[in-house]
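Since we're looking at a predicted model, the values are computed, not measured.
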Amino acid sequence: MSHLAPSGKWDARYLGPVPHDTSYYAKCMLGGVLACGLTHAGITPLDVAKCNMQVNPAKYTGSISGLKTIIAEEGTKGIWKGFGPTFIGYSLQGMFKYGLYEVFKDAYMNLAGEEASEKYKGAIWLAGSASAEFFADIALCPLEMTKVKIQTSPAGTFPVPFGAAWSEMARTSAETRFPFGSLVPLWSRQIPYTMAKFFCFEKIVQLFYTRVFTEPKDSYSKPTQLGVTFASGYLSGIVCAVVSHPADSLVSQLGKPQNKGKSLGAIVNEVGFGTLATKGLGTRVVMIGTLTGFQWWIYDSFKASMGMGTTGGK
């Protein structure tokens, strides 16, 4: 396919198997909804365990024992707390994260021009993913705050149904800082995470197609391409988990009643950076690795089924 726009100029939007027009970006947004909404909602029990381990490590010492404790106290429905805001919040986040990444990546490549785009590929991946995540987190923040409050409040002290929990968050906004009180820690967790996720993914895919599968990408079957997608996603997810874990722990700490009104610095001093960086990390590595692998696989499967080709390459 020609890399030239109809005007005859080089244009990043014409580099792939199909032109990147409005309908292409809209389909990428829908792929992002499926990738993030389904995966995050599906692992709600792991998330409930992780958040409680971060907030009350003395009581919830591990993910399996933590889940057993929650089931013993609240029944099996206790491990699915926060499913509603998780599904809606991460569907919105995925829509902007994946869809806007494609938009920003093309825009930055066109700003840089053909030569610089090739030379500074990594910088473009980082800038595109950071820009997309900035907007994705604004959409996610109120729902993430509601989810954390539902998951970490002792049984009976806060409504569990999504509608009632949302109303309660709004009613008590003076103390919960709803809807955007967690936006700065969310940005500090999600922007480095997404930059690592997209950069590492693109880099690993590039390595696979340069070192392992050395024929032209299009010559490989869709299952092979999607296998490369999943493996690259899983490996990039492990990097992401380590990079973003301290800030993730901090977001959970902000939900604790005893931390109400405290500055981020004060919470870090009290809890200790080592604890923030390591508590619940093992669970999160497994969770984020699997999650990221499946997100990229769902996203690329959707793109492939739409005839748009898989992400990344040489």
Side-chain angles (χ1 to χ4, degrees), residues 1-36 91-140 187 190-210 216-218 225-226 228-229 232-233 236 240 292 295-314:
M1 162 148 192
S2 166
H3 299 161
L4 303 178
S7 63
K9 283 184 177 169
W10 178 87
D11 191 324
R13 290 170 297 178
Y14 291 86
L15 292 174
V18 294
H20 294 185
D21 53 12
T22 308
S23 122
Y24 174 89
Y25 295 132
K27 286 170 188 167
C28 289
M29 285 185 155
L30 181 54
V33 167
L34 297 172
C36 292
S91 291
L92 288 171
Q93 190 220 24
M95 180 172 89
F96 291 116
K97 183 201 294 263
Y98 281 91
L100 291 183
Y101 174 65
E102 306 277 0
V103 173
F104 281 118
K105 188 166 65 163
D106 287 345
Y108 293 151
M109 283 171 79
N110 283 340
L111 273 175
E114 185 175 4
E115 205 177 307
S117 287
E118 189 51 46
K119 193 175 174 186
Y120 301 110
K121 234 180 213 168
I124 286 165
W125 297 335
L126 291 168
S129 54
S131 303
E133 190 60 42
F134 177 86
F135 293 102
D137 288 341
I138 295 171
L140 172 65
W187 274 333
Q190 289 295 140
I191 291 176
Y193 163 80
T194 299
M195 289 168 79
K197 172 179 175 170
F198 281 74
F199 176 85
C200 293
F201 174 80
E202 295 261 22
K203 195 75 186 161
I204 295 165
V205 170
Q206 190 181 50
L207 287 171
F208 267 120
Y209 286 116
T210 312
K217 180 180 162 183
D218 294 343
Q225 289 188 36
L226 291 170
V228 169
T229 290
S232 304
S236 69
C240 299
T292 310
Q295 279 179 358
W296 278 111
W297 184 81
I298 292 168
Y299 180 65
D300 268 1
S301 295
F302 180 78
K303 279 177 75 180
S305 74
M306 290 282 162
M308 293 153 64
T310 55
T311 309
K314 281 184 189 172

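- Side-chain contact between Cys28 and His20 is absent, with no heavy atoms from C-beta onward closer than 4.5 Å.
- Within 6.0 Å of atom NZ in Lys217, more than 12 heavy atoms from other residues, nucleotides or ligands are found, so the atom counts as buried in its surroundings.
- Of all heavy-atom pairs spanning Ala112 and Ile124, the tightest one is CB-CD1, 4.3 Å.
- Of the charged side-chain nitrogens involved, at least one lies within less than 4.0 Å of a carboxylate oxygen, so that Glu202 and Lys105 count as a salt-bridged pair.
- A donor-acceptor contact shorter than 3.5 Å links the side chain of Ser117 to the backbone of Met109.
- Partners of Ala127 under the side-chain contact (heavy atoms from CB on, under 4.5 Å) rule, at least two apart in sequence or in another chain, are Tyr108.
- How far CD1 of Ile138 is from CD of Glu133: 10.5 Å, rounded to the nearest 0.5 Å.
- Nearest heavy atom pair, residue Ser232 against residue Ile204, reads OG-CG2, 3.5 Å.
- Under the rule for a salt bridge (charged side-chain N to carboxylate O under 4.0 Å, His left out), Asp106 has no partner lying at least two apart in sequence or in another chain.
- Judged by distance alone, with hydrogens and angles left aside, the side-chain atoms of Ser129 form a donor-acceptor pair with the main-chain N or O of Leu126 at under 3.5 Å.
- Residues satisfying the salt bridge (charged side-chain N to carboxylate O under 4.0 Å, His left out) test with Lys303, not counting sequence neighbours, are Glu102.
- Proximity of the aromatic rings of Tyr101 and Phe135 is defined here by a centroid distance below 6.0 angstrom, and this criterion is not met.
- Taking 4.5 Å as the limit, every side-chain heavy atom of Tyr24 sits out of range of all side-chain heavy atoms of Val103.
- Taking CZ of Phe199 as the reference point, atom NZ of Lys121 lies at 11.5 Å (rounded to 0.5 Å).
- In this structure, the side chains of Ser91 and Met95 stay at 4.5 Å or more apart for every pair of heavy atoms.
- Taking a cutoff of 4.0 Å between a charged side-chain nitrogen and a carboxylate oxygen, Asp11 and Arg13 qualify as a salt bridge.
- Considering all non-hydrogen atoms of both residues, Gly313 and Val205 come closest at N-CG1, 3.5 Å.
- Using modelled atom types, no side-chain atom of Asp137 and backbone atom of Leu140 make a donor-acceptor pair closer than 3.5 Å.
- In this structure, the side chains of Leu15 and Trp10 come closer than 4.5 Å at one or more pairs of heavy atoms.
- Between the side chain of Asn110 and the main chain of Ala12, a donor-acceptor pair closer than 3.5 Å is present.
- Across all non-hydrogen atoms, the minimal contact from Cys36 to Gly94 is SG-CA, 3.5 Å.
- Using a 4.5 Å heavy-atom threshold, the side chains of Pro6 and Tyr14 count as touching.
- In plain terms, the two heavy atoms of Thr310 and Ala304 that are nearest each other are CG2-CB, 4.5 Å.
- With Phe198 as the fixed residue, the ring-ring contact (aromatic ring centres under 6.0 Å, His included) test singles out one of Tyr193, Phe104, Trp125, Trp296: Trp296.
- A ring-ring contact (aromatic ring centres under 6.0 Å, His included) with Tyr98 holds for exactly one of Phe201, Tyr299, Phe302; it is Tyr299.
- Side-chain atoms of Tyr209 and Gln225, non-hydrogen and from C-beta on, do get closer than 4.5 Å to each other.
- For OH of Tyr25, the number of neighbouring non-hydrogen atoms (other residues, nucleotides, ligands) closer than 6.0 Å is greater than 12.
- Rounding to the nearest 0.5 Å gives a distance of 6.5 Å between CG of Leu226 and CG of Asp300.
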Does the side chain to side chain contact (heavy atoms under 4.5 Å, CB included) test come out yes or no for Leu100 and Met29, once each step is laid out? CA-CA 8 Å; Leu100 291 183; Met29 285 185 155; 4.0 Å; yes
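- Under the 3.5 Å distance criterion, the side-chain polar atoms of Trp297 are left unmatched by any main-chain donor or acceptor of Thr229.
- Side-chain contact of Lys197 with Thr292: a donor-acceptor pair under 3.5 Å is absent, judged by distance alone.
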